[in-house]
Amino acid sequence: MTRHTVLGIETSCDETAAAVLRLEDGKATILSEIVRSQVEAHAPYGGVVPEIAARAHADIADKVVAAALEESGLAVTDLDAVAATSGPGLIGGVMVGMMTGKAIALAAGKPFIPVNHLEGHALSPRLAEDCPFPYLLLLVSGGHCQFILVKGLGNYTRLGTTIDDAAGEAFDKLAKLLHLGFPGGPAVEKAAEAGDPSHYKLPRPLLDRPGLDMSFAGLKTAAARIIEAEDLSEQDVADLCASYQTAIADCLAVKADRAMAGFDGERLVVAGGVAANTAIRKALDEVAVRHGARLIAPPLRHCTDNAAMIALAGAERLSAGDVPADAMMFSARPRWPLDEARAMSDPAYGGGKRGAKA
């Protein structure tokens, strides 16, 4: 029997989060989970301001960690390791989380585990249910949109990606143009509930080309031109949101269908903030059914950034014995593709010299 208890810290964007998770014989149990959002701080700007985010993380990271430990009923000495997001993300916030994690690990004499934020998302469905490897992953968020073949821990092959903007960024852009508020994705989805998804004829970029790469910049431009040209009523706004959401769902579903056609497996996994969108989940579920597969997604609260997924990634690395002695020397990375998150003993895992010291 293997049992590991790990504190996870997540500060890559605008959530300051900490969680304590126990992994026992492959089954994850979340002992505590604290998330502090910065939505109010960024709302006036219609998006995340990196400097504001970094300062907010620095102000409360220690308090969030303390709250997570208190909720778990454990002391630092009861932990087996400390894991923290070490990239990709807004570098100021990533460094705050890394420094916090390293300080705790050093003071307690525990291993420190640098975690790729995208690996956290990739593993997040395993927080709630059995999701054995391999599986086909659609990672879709504000900053990333890609298809990944997940063969095992640290064994990721990128099959396709967005050539410009991510789907989440596209949702945020429309919300900003329509003054729907921040965060944009949930605001667009809410407005779309009262809309007609066939009202506006919007493009589905790259669907006429082979492969799994995606594009959403043209869709954003088309919506912006409609907003500039028309005096939109409340119903028009709802119709545009519904049409826009359907266009994104169609793009993801068609590409997912192609990906599943080339995948000899039974699990289609969707993760990341946009995975919380109901219309997109429905479209992907239909794809999975057509291929005799099952769609697996994290619980809604674990689609967006959270520390439970970081703790899980750390615990799985620890269980695999993949924690190098020099992990304290790992450097924060603003960019860190998931397919480079290999075994920590592999030089490609870190590439720390290209990062920022934390």
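Counting all heavy atoms, side chain and backbone alike, A81 lies closest to I113 at CB-CD1, 3.8 Å. Nearest heavy-atom pair, A308 versus I30, reported as atom, atom and distance to 0.1 Å: CB-CD1, 3.9 Å. In this structure, G97 and A84 approach most closely via the heavy-atom pair O-CB, 3.7 Å. The two residues M95 and A332 make their nearest non-hydrogen contact at CG-CB, 3.8 Å. Between C303 and P298 the shortest heavy-atom distance is SG-O, 3.8 Å.
Taken to the nearest 0.5 Å, the OH atom of Y244 stands 10.5 Å off from the CD1 atom of I226.
S124 places none of its side-chain heavy atoms less than 4.5 Å from the side chain of L312. Looking at V20 and T5, their side chains come closer than 4.5 Å, going by heavy atoms from C-beta outward. Using a 4.5 Å heavy-atom threshold, the side chains of I104 and F112 count as separate. Contact annotation: the side chain of P337 never approaches that of N116 to less than 4.5 Å [non-hydrogen atoms, C-beta and beyond]. L7 places a side-chain heavy atom less than 4.5 Å from the side chain of V65. Counting heavy atoms from C-beta on, the side chains of L159 and I148 never come closer than 4.5 Å.
Environment of CZ in F133: crowded, with over 12 heavy atoms of neighbouring residues, nucleotides or ligands closer than 6.0 Å. For R290, the CZ atom is densely surrounded, since the number of other residues' heavy atoms within 6.0 Å is greater than 12.
Side-chain N or O atoms of E10 include one that pairs as donor or acceptor with a backbone N or O of S12 at under 3.5 Å. Under the 3.5 Å distance criterion, the side-chain polar atoms of H144 are left unmatched by any main-chain donor or acceptor of T162.
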Does the pair V274 and I248 meet the rule for a side-chain contact (heavy atoms from CB on, under 4.5 Å), with working shown? CA-CA 10 Å; V274 181; I248 292 176; 5.6 Å; no

- Message: Between T16 and Q38, does the side-chain contact (heavy atoms from CB on, under 4.5 Å) criterion hold? Intermediate values first, please.
- Response: CA-CA 8 Å; T16 309; Q38 300 174 10; 3.8 Å; yes

(Q) Run the side-chain contact (heavy atoms from CB on, under 4.5 Å) test on T11 and T85 for me, step by step, so that the C-alpha distance in whole Å, both residues' side-chain angles and the decisive distance to 0.1 Å come before the verdict. (A) CA-CA 7 Å; T11 56; T85 294; 5.5 Å; no

**OP:** Dump the intermediate steps for side-chain contact (heavy atoms from CB on, under 4.5 Å) on L137 and Y156, then the final yes or no.
**Re:** CA-CA 10 Å; L137 168 69; Y156 310 107; over 6 Å; no

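Counting side-chain heavy-atom gaps under 4.5 Å among Ile, Leu, Val, Met, Phe, Trp and Tyr, the cluster of L206 also holds I163.
Below 30°, between 30° and 60°, or above 60°: for W336 and F330 the angle between ring planes is between 30° and 60°, a tilted geometry.
For the pair R55 and E51, the salt-bridge criterion is met [side-chain N within less than 4.0 Å of a carboxylate O].
Remark: the T29 side chain and the E24 side chain contain no N/O donor-acceptor pair separated by less than 3.5 Å.
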